[in-house]
Amino acid sequence: MPVTPEPGGSLAIAILEPFDFLTPVRAVRPATEEFMVHVTPPLGRVTEQGDIQWLMARAPRPLQPGLLFRLRPAFWEDGVPVTAADFALTVHVMLHPGAPGHERSRYGLVRDVVALDDSTLYFDLLEFSRERFRDALIAPLPAHVLGPDPDPRHLYEWPVSRKPLSCGPFRVVESSTDTLVLERREDSGWPPPRLDRVIVRSLEPEIAVQQFRDGAVDVVDALPAAQAEALRGVREARLLAFVGASYLYVGWNLRDARFGDLTVRRAAAMAVDVERLCRDLTLGQGDVARGPLVPVLGLPDTSSVLPHDLKQARALLDAAGWQDHDRDGIRDRGGARLAFNLLVPENDALREQSAAAVARALRDLEIEVSVRVLVVEEFYARLQRGAFEAYLGQWFPRRGQPLEDVWHSEATDRFNYGGFNDPGVDSLLVRLRLEQPGPSEEELLAALQRRVYAQQPYLFLFQEPRFTVFAARVQGVRPTVLSTFWNLPEWWVPRAQRSPEP
């Protein structure tokens, strides 16, 4: 096989989730974002080592408390240069009252974003911090097309949200919720990609695996463990597992007095054999979750976890008065029974399997769990309203994402669904927001990990591996735990192994 890249050809990729809005002014699904970074590149992106790879800008010059960016030359696909006004427009749109609230919160400490000239962008901040620095890593909107004051709601409409103007190495030529077709650009100001075309489709796992076997698909990303196992012996298939980007957990509603009792939460954690669960559901490739942080957040964590000890779990509940007083097989105290619903979103086999395993384990502790599978929209609506007892969640922490959004006591309008409230954690979060990267930041992160885990606001389960399979002809790939498609413009296919173009 040639070792020198040969430009040209196309690749077919399968992902297992639908595409989201193709716009930089609202959070999108991870897979959508992985491709859009090559269509509308941001100022920079955080690497798996926690550093920043600068894309549309050079490293900024801090002007306390602000940031001054110099842009690199790049061009929209209609030939107009990308300017600082394009990036300023992105922030102004995100600060618009019509923009999603959780996106506006990223810019609570931004006084203004100003285009000083076409190639100079200034973030005027109320306060400089590590999170504010990373929040500045935005992608541009084409100000010359949208005008000075677009309504953010229009950016989610066709065709803007489905065929955005490109300023990166690829342009969008076709898009829907289940298809994204990217083509090579020669005139972007970026080095041209090696592939002429990338066709990405959202498929069901079984269909994606079959099309990979048939040679109709070259890459399948984020395979469930069962499908990954089925491909282990397939000739010419490279199966990789990346661990450290997400974890599964049982989230408790701490406003419920039963789960507000730390004894109940600790006993539940000790009743579930998390290590066995991890082995059984991840082909032995996952790792136990040791708290709110994962390796992708830069914490090489080796913290110990609660042991699997059913006998000790029973003793804890007995001592706290949680016993089967009415002899119905379920523990109770003061009229409250340890019987509850565990909510799971539909079409998520791993979460359903994990919820069933948790329910079986807690039944041995005389706790009754009914697993309820809800449509996705209802599932998240219930979380946002706090209308749940417990739920099976999965979290994808991102570098630069404010930890306060999940763990601060005042973040119940964001992702602190269970109402976790710990003054010590709040204090650590404030210190982390102001701390610069280095040893002291690592010490604070480790302290946060230990303190949150000790409180057990979640029953932390395991870090799910992301399984990705590549056909042998796919060359030049450098996937990371953050993204399978991190260096997509450098991918290539040997000329002798290309499919005939239609």
Side-chain angles (χ1 to χ4, degrees), residues 15-18 20 27 29-31 202 204-206 222-228 245-256 258-259 264-265 267-269 271-283 286-289 292 294 330 337-365 367-397 406 412 414-420 456-467:
I15 63 171
L16 309 183
E17 63 178 44
D20 210 332
R29 293 185 176 95
S202 173
E204 293 297 321
E206 295 80 5
L223 274 169
Q227 280 72 34
S246 71
Y247 60 86
L248 275 74
Y249 63 92
V250 174
W252 306 113
N253 190 336
L254 303 178
R255 306 172 190 87
D256 185 317
R258 296 171 298 170
F259 309 121
V264 172
R265 304 197 302 271
V272 178
D273 189 344
V274 174
E275 291 189 358
R276 180 177 178 180
L277 187 66
C278 180
R279 287 195 306 271
D280 291 348
L281 297 184
T282 71
L283 304 183
D287 194 9
V288 296
V294 291
I330 307 299
R337 300 173 73 244
L338 289 182
F340 62 91
N341 292 316
L342 177 59
L343 306 186
V344 183
E346 66 178 354
N347 299 324
D348 193 323
L350 183 64
R351 287 206 229 181
E352 288 190 38
Q353 292 167 355
S354 301
V358 168
R360 289 193 297 270
L362 295 187
R363 191 67 187 86
D364 291 338
L365 193 58
I367 296 177
E368 184 177 67
V369 181
S370 300
V371 177
R372 291 192 58 196
V373 179
L374 304 178
V375 297
V376 172
E377 293 78 10
E378 182 182 355
F379 175 80
Y380 286 107
R382 295 277 292 271
L383 300 193
Q384 290 163 0
R385 297 198 311 270
F388 65 91
E389 294 169 295
Y391 68 97
L392 204 301
Q394 183 171 12
W395 190 244
F396 292 83
V406 184
T412 52
R414 281 162 280 171
F415 302 112
N416 184 358
Y417 300 128
F420 178 60
Q456 287 290 306
Y458 294 168
L459 196 174
F460 293 97
L461 297 176
F462 57 87
Q463 299 174 39
E464 178 195 6
R466 186 181 81 248
F467 293 102

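Numbers here are sequence positions counted from 1.
- Tested against S354, the residues V272, L248, V344, V371 include a single side-chain contact (heavy atoms from CB on, under 4.5 Å) partner, L248.
- In terms of the side-chain hydrogen bond (donor to acceptor under 3.5 Å, both in side chains) criterion, residue partners of Q394 (sequence neighbours excluded) are, by chain and number, S246, E464.
- Remark: N416 pairs with no residue by the side-chain hydrogen bond (donor to acceptor under 3.5 Å, both in side chains) rule, at least two apart or across chains.
- Considering CG of D287 and CD of E275, their distance stands at 9.0 Å, rounded to 0.5 Å.
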Applying side chain to side chain contact (heavy atoms under 4.5 Å, CB included) to L461 and L392, what does each step give before you reach the verdict? CA-CA 10 Å; L461 297 176; L392 204 301; 3.9 Å; yes

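- Nearest heavy-atom pair across A271 and A361 is O-CB, 3.6 Å.
- For the atom pair Q456 CD and F420 CZ, the distance stands at 10.5 Å (nearest 0.5 Å).
- Listed by chain and number, the residues in a ring pair (Phe, Tyr, Trp, His ring centres under 6.0 Å) with Y249 are Y247, Y391, Y458 (sequence neighbours excluded).
- Here the closest non-hydrogen pair linking A267 and L365 is O-CD2, 3.7 Å.
- What you find for G286 and P465 is that their closest heavy atoms are CA-CD, 3.9 Å.
- Between the CZ atom of F388 and the CG atom of D256 there is a distance of 9.5 Å, given to the nearest 0.5 Å.
- Between V358 and V369, the closest side-chain pair of non-hydrogen atoms is not below 4.5 Å.
- Partners of E389 according to the salt bridge (Lys or Arg N to Asp or Glu O under 4.0 Å) rule, which considers only residues two or more places apart in sequence or in another chain, are R258.
- Looking only at side-chain heavy atoms (C-beta outward), P457 and L254 come within less than 4.5 Å of each other.
- V274 is not listed as a side-chain neighbour of R279, based on a closest heavy-atom distance of 4.5 Å or more.
- Checked against salt bridge (Lys or Arg N to Asp or Glu O under 4.0 Å), R382 has the following partners two or more places apart in sequence or in another chain: E378.
- Scanning all heavy atoms of the two residues, the minimum distance from L281 to A225 falls at O-CB, 3.5 Å.
- Annotation: side-chain hydrogen bond (donor to acceptor under 3.5 Å, both in side chains) contacts involving residues 339-348, sequence neighbours excluded, comprise D348-R351.
- Under the ring pair (Phe, Tyr, Trp, His ring centres under 6.0 Å) criterion, Y417 pairs with no residue at all, not counting sequence neighbours.
- Nearest heavy atom pair, residue A228 against residue L283, reads CB-CD1, 4.3 Å.
- Residues meeting the side-chain contact (heavy atoms from CB on, under 4.5 Å) test with A390, sequence neighbours left out: V250, W252, F340, L342.
- A search for salt bridge (Lys or Arg N to Asp or Glu O under 4.0 Å) contacts involving D280 returns R276, not counting sequence neighbours.
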Evaluate the side chain to side chain contact (heavy atoms under 4.5 Å, CB included) criterion for residues F462 and L277: first the C-alpha distance (whole Å), next the side-chain angles of each, then the deciding distance (0.1 Å), finally the verdict. CA-CA 8 Å; F462 57 87; L277 187 66; 4.0 Å; yes

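- Residue E204 qualifies as open at atom CD: its count of foreign heavy atoms under 6.0 Å is 12 or below.
- Rounding to the nearest 0.5 Å places CZ of F415 at 11.0 Å from CG of L383.
- With a 6.0 Å radius and a threshold of 12 heavy atoms from other residues, nucleotides or ligands, E352 has its CD atom above the threshold.
- Applying the side-chain hydrogen bond (donor to acceptor under 3.5 Å, both in side chains) rule to R255 yields the partners N253; only residues at least two apart in sequence or on another chain are considered.
- Considering only residues two or more places apart in sequence or on other chains, R265 meets the side-chain hydrogen bond (donor to acceptor under 3.5 Å, both in side chains) condition with none of them.
- By the side-chain contact (heavy atoms from CB on, under 4.5 Å) test, A245 is found to be paired with V481, residues two or more places apart in sequence or in another chain being considered.
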